[in-house]
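Taking it in order: structure first as structure tokens, then the write-up.
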Amino acid sequence: MNKNPYKTRRLALIFSGVMDTLLGAAILLVGFGFFPIDVADYGLPFWVVMLVGGVLFTTGVWMVIHNYSRLDE
């Protein structure tokens, strides 16, 4: 029962990164028009939706790659 707390923390960060990546991808798909949601109805400019989706997707992918590469430490 001697678990490494750093490995558990990295797995949690990987899970968080995957969720950020999926949410960012969904927001980008809404922005590109693949889902029938009009963001103008909610008072959001198009560029804000694309920026938020891009940042979430990029940081999520970075977090997954970074923490997965250091999982054996």
Side-chain angles (χ1 to χ4, degrees):
M1 291 285 187
N2 190 7
K3 289 188 175 184
N4 187 355
Y6 294 110
K7 188 172 184 178
T8 305
R9 184 181 306 152
R10 291 200 191 281
L11 287 173
L13 288 172
I14 289 171
F15 181 72
S16 170
V18 167
M19 290 297 111
D20 283 348
T21 302
L22 292 175
L23 184 62
I27 292 172
L28 284 174
L29 288 174
V30 166
F32 285 127
F34 286 101
F35 294 139
I37 299 172
D38 189 18
V39 295
D41 290 342
Y42 300 105
L44 296 172
F46 174 74
W47 68 271
V48 171
V49 173
M50 295 302 286
L51 180 69
V52 168
V55 168
L56 270 175
F57 183 79
T58 305
T59 57
V61 167
W62 175 84
M63 186 177 291
V64 169
I65 291 172
H66 175 73
N67 287 302
Y68 187 70
S69 68
R70 298 181 53 154
L71 195 58
D72 57 351
E73 288 182 359

Same hydrophobic cluster for L28 and F35, using side-chain heavy-atom links shorter than 4.5 Å among ILVMFWY? yes
Please set out all donor-acceptor pairs under 3.5 angstrom arising from side-chain atoms of residues 40-53, sequence neighbours excluded.
none

Whether S69 side chain and H66 backbone form a donor-acceptor pair below 3.5 Å: yes
Same cluster or not: L13 versus V64, using hydrophobic residues (I, L, V, M, F, W, Y) connected whenever any side-chain heavy atoms lie under 4.5 Å apart? no
Quiz: residues 19-27 side-chain donor-acceptor pairs under 3.5 angstrom, not counting sequence neighbours:
{"from": "T21", "atom 1": "OG1", "to": "G17", "atom 2": "O", "distance (Å)": "2.8"}
{"from": "T21", "atom 1": "OG1", "to": "G60", "atom 2": "O", "distance (Å)": "3.4"}
{"from": "T21", "atom 1": "OG1", "to": "V61", "atom 2": "N", "distance (Å)": "3.2"}

Find out if a path of hydrophobic residues (ILVMFWY) with successive side-chain heavy-atom gaps under 4.5 Å connects L56 to V18. no
Which word best sums up how the rings of F34 and F32 line up, parallel for under 30°, tilted for 30 to 60°, or perpendicular for over 60°? perpendicular
Using the rule that two of Ile, Leu, Val, Met, Phe, Trp, Tyr join whenever any of their side-chain heavy atoms come within less than 4.5 Å, decide whether L29 and I37 are in one cluster. yes
Transitive ILVMFWY side-chain link I14 to F57, under 4.5 Å: no
